[in-house]
Amino acid sequence: MNRHAHDFLAAFEDTVRHRPETTAVWWPSGGGAYSMMSYAELGALGEEYTRALWNAGLRKGMRACVLVPPGPELGALFFALVRIGVVPVLIDPGIAKTALRACVAEAAPEAFIGVPLAHAARVVLGWGRSSVRIAITVGRRWFWGGPTLKSLCARQGEEPPEFVPDPEALAGIAFTSGSTGPPKGVEFRGRHLGAQMRLAGQVFPIPEGMVGMSTFPPFALAGPALGLSMVVPDMDPVRPAEVDPATLIAEIDRFGVRGMFGSPALLDRLSRYCVDNDIVLSTVSVVTSAGASLDPRIAERMRKCLPPNALLYSGYGATECLPVSAIESRELLGEARVASENGAGTCVGTPLPDNDVRIIRVDDGPIAEWSDDLLVESGEIGEITVAGPSVSERYHNRPEATALHKIREGDRVVHRVGDLGWLDEQGRLWFCGRKSQRVRAARGDLNTEQVEPIANTVPGVRRSALVGVGPAGKQRPVVCVETERGLKQADRDRIVDGVLALVGDRGIENVLFHRKFPVDVRHNAKIGRERLARWASRRAR
């Protein structure tokens, strides 16, 4: 098998062969109980699903929308689809139902594999009505047609042919969360998936057999490919910011979790609970955060909950290019924090060696061909671009979005991340905010990540958000504040004075208090500044 094309499948099969008795996954089975499956059992389930899906009519090159929660079924289905050469379509179940319908229509999957609730929504809301011709239910079938996965497994049928993957063939479509615009389907070739694994291995220490926990379902899929023993936490994956920290801690202790992934919102909730209850996660040796830049205050609090030698990483990237760079918490909490709290932006670490990260001048229109004339001067803020082995080259059925975000450079594609930033003399990347969320004021642009870390230093501020009110070029900058709980009016008055004293010289005159910021559906960590701006426009004087 071509390992370059599908490292996911090759690595998984290697673990099944050489460590069959190792636990592949633990998952909650109700009432506080957990079930487990070994690599040998997960491999056998994958083989069973491969035969079942083949005999249901799935073939190489077909697209299959998969809406199944984390657990052994999802892992086995994913590897079965890869073996056949079917293109999995992954969509966040937490996005608005109208957006989900649009994603399914855009991907035009021939197959729909999902749990009963997903199929009920498919039928009632008309998802994929014009394209889906194979509907497979994982669980009990209700009022729709098509076989169940269980019934397919019980049938006798032919063995699928051996699949030799093509590194250039489409291997997956993953939709962006739509936090700053409509969700877009990112196309991954086989070589992109393999590159993601290799790049992740350059940064994050993952010894073979490590017990891991991912609170983000797609990352959990990588666990078996990396040879980890994965714990599926008992939580709603769509609402990581609302996780029960006590349950999470009990699972970490019960299974001896050494490595975990969590968004900044989840780590914020977990670390607050640990600090309040004097809890140290003694088994954990590495934590990775992604989905938004890691607030130094969360990193500082999280370090108090970990053993002294534990590693806490903040990763930077996007669905279209993962991972780009990473920074360990000790570096984040050093001089980088001082610079951040003085308006430099947020340091997201040194780009990985295989990634070519360059900063170009800010332009809201498409750029067809690369030219070095696009580059800004050293240390100047511009749009972050990435070229490298994991960078996807186009969006599925979105030529306008592809033109807006991709630049052709010879035989490779450069991705425009849509983030603003700069590179320092040490080659570290600094994130200054989303290009689409910059405030276009009369006296010049203001970038969110150059204002919010300053405002966040005022005691009582849980988090802040810079938004613009009015037409572009004449926007009034407003700082929205979500406070810590239990503050009185006198505290609010003090916060207003404190924030304006620190950032008022940037033309900011308004501070508004918001009960709870809108956030993205994927990580609950990216602030919905567009929605906040509409809210602020009705309240700012």
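Just so it is clear, the structure is predicted and the values come from calculations on it, not from any experiment.
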In this structure, OG1 of Thr15 is separated from CG of Leu226 (nearest 0.5 Å) by 8.5 Å
Note to self: Quick one, Glu251 with Val257, criterion side-chain contact (heavy atoms from CB on, under 4.5 Å). Give me CA distance, side-chain angles, the key distance, then yes/no.
What the structure shows: CA-CA 8 Å; Glu251 291 170 325; Val257 171; 5.9 Å; no
Between Val104 and Gly128 the two heavy atoms that sit nearest each other are CG1-N, 3.5 Å
Closest non-hydrogen atoms of Arg337 and Pro296, given as atom of the first, atom of the second and distance, are NE-CB, 3.6 Å
message = With a 3.5 Å distance limit and no angle check, can you tell me whether Thr402 reaches the backbone of Arg398 through a side-chain donor-acceptor pair?
response = yes
Quiz item: Going by an N to O cut-off under 4.0 Å, is there a salt bridge joining Asp295 and Arg301?
Solution: no
Item to check | Pro69 vs Val115 side-chain heavy atoms within contact, under 4.5 Å | outcome: yes
task: Report the relative orientation of the aromatic rings in Trp422 and Trp430; use parallel for angles under 30°, tilted for 30 to 60°, perpendicular for over 60°.
output: parallel
task = Using a 4.5 Å cut-off on heavy atoms from C-beta on, say whether the side chain of Arg189 contacts that of Pro167.
result = no
Q. Are Arg59 and Trp54 in a cation-pi setup, meaning NZ or CZ lies under 6.0 angstrom from the ring centre and within 45 degrees of the ring axis?
A. yes
Exercise. Is any side-chain heavy atom of Lys304 less than 4.5 Å from a side-chain heavy atom of Ser271?
Worked result: no
Is there a donor-acceptor contact under 3.5 Å from the side chain of Asp253 to the main chain of Ser282?
-> no
Q. When you check the gap from the basic side-chain N to the acidic O, do Arg428 and Glu335 get nearer than 4.0 Å?
A. yes
### Query
Do Trp26 and Ser229 have side-chain heavy atoms sitting under 4.5 Å apart?
yes
When rounded to the nearest 0.5 Å, the distance separating CG of Asn524 from OG of Ser263 is 6.0 Å
Can Arg438 and Glu383 be counted as an ion pair, charged N to O under 4.0 angstrom? no
Margin query: Quick one: does any side-chain atom of Ser289 pair with a main-chain N or O of Ser314 as donor and acceptor, under 3.5 Å?
Written below: no
- prompt: Any side-chain heavy-atom pair from Leu375 and Ile359 closer than 4.5 angstrom?
  reply: no
Under 3.5 Å donor-acceptor, Arg269 side chain and Val243 backbone: yes
Please answer whether the main-chain N or O of Gly345 pairs with a side-chain N or O of Gln450 as donor and acceptor at a distance below 3.5 Å.
no
Legend entry - Residue pair Arg83, Glu47: steps toward the side-chain contact (heavy atoms from CB on, under 4.5 Å) verdict: CA-CA 9 Å; Arg83 278 195 183 99; Glu47 295 287 350; 3.6 Å; yes
(message) Contact between Ser285 and Leu311 at the side-chain level, heavy atoms closer than 4.5 Å - yes or no?
(response) no
Can any side-chain N or O of Arg63 pair as donor or acceptor with the backbone N or O of Ala108 at less than 3.5 Å? yes
For this session: Take Glu393 and Arg191 through the test salt bridge (Lys or Arg N to Asp or Glu O under 4.0 Å) and record every step on the way to the result.
Result: CA-CA 12 Å; Glu393 289 153 21; Arg191 57 185 165 83; 2.7 Å; yes
So CG of Asn55 and CD of Glu159: to nearest 0.5 Å the spacing works out to 8.0 Å
Nearest heavy-atom contact between Thr319 and Ala174 is CG2-O, 4.0 Å
Taken to the nearest 0.5 Å, the spacing of His396 NE2 from Glu187 CD works out to 6.0 Å
Q) Can we say Glu328 and Arg303 salt-bridge, meaning some charged N sits less than 4.0 Å from an Asp/Glu carboxylate O? A) yes
All heavy atoms of Ser329 vs all of Ala299, minimum pair found to be CB-CB, 4.4 Å
Apply side-chain contact (heavy atoms from CB on, under 4.5 Å) to Phe175 and Asp92, showing your working.
CA-CA 7 Å; Phe175 277 83; Asp92 272 316; over 6 Å; no
Q: Look at Lys184 together with Glu106 and state whether they make a salt bridge at an N to O cut-off of under 4.0 Å.
A: no
- Determine the interplanar angle of the Tyr395 and His405 rings, folded into 0 to 90°, and report it as parallel if under 30°, tilted if 30 to 60°, perpendicular if over 60°. perpendicular
- Message: Taking the cut-offs as 6.0 angstrom to the six-membered ring centre and 45 degrees off its axis, would you call Arg358 and Trp370 a cation-pi pair?
- Response: yes
*asked:* Quick test of your reading of the model: are Arg412 and Asp356 salt-bridged, counting only N-O distances below 4.0 Å?
replied: yes
Tightest non-hydrogen contact, residues Gln196 and Ser390, listed as CG-CB, 3.9 Å
Using a 4.5 Å cut-off on heavy atoms from C-beta on, say whether the side chain of Pro72 contacts that of Trp27. yes
*asked:* For Glu449, is there any backbone N or O sitting under 3.5 Å from a side-chain donor or acceptor partner on Asn447?
replied: no
* **Intermediate values then yes/no, side-chain contact (heavy atoms from CB on, under 4.5 Å), Leu90 and Phe188** => CA-CA 11 Å; Leu90 302 176; Phe188 292 110; over 6 Å; no
dist Leu312:CG -> Glu331:CD (nearest 0.5 Å) comes out at 12.5 Å
Between Lys406 (side chain only) and Ser392 (backbone N and O only), is there a donor and an acceptor less than 3.5 Å apart? yes
d(Ile252 CD1, Thr247 OG1) to nearest 0.5 Å is 11.0 Å
### Query
Does the side chain of Met210 come within less than 4.5 Å of Val286's, by heavy atoms?
yes
Heavy-atom nearest pair, Ala290 first then Pro264, reads O-CD, 3.4 Å
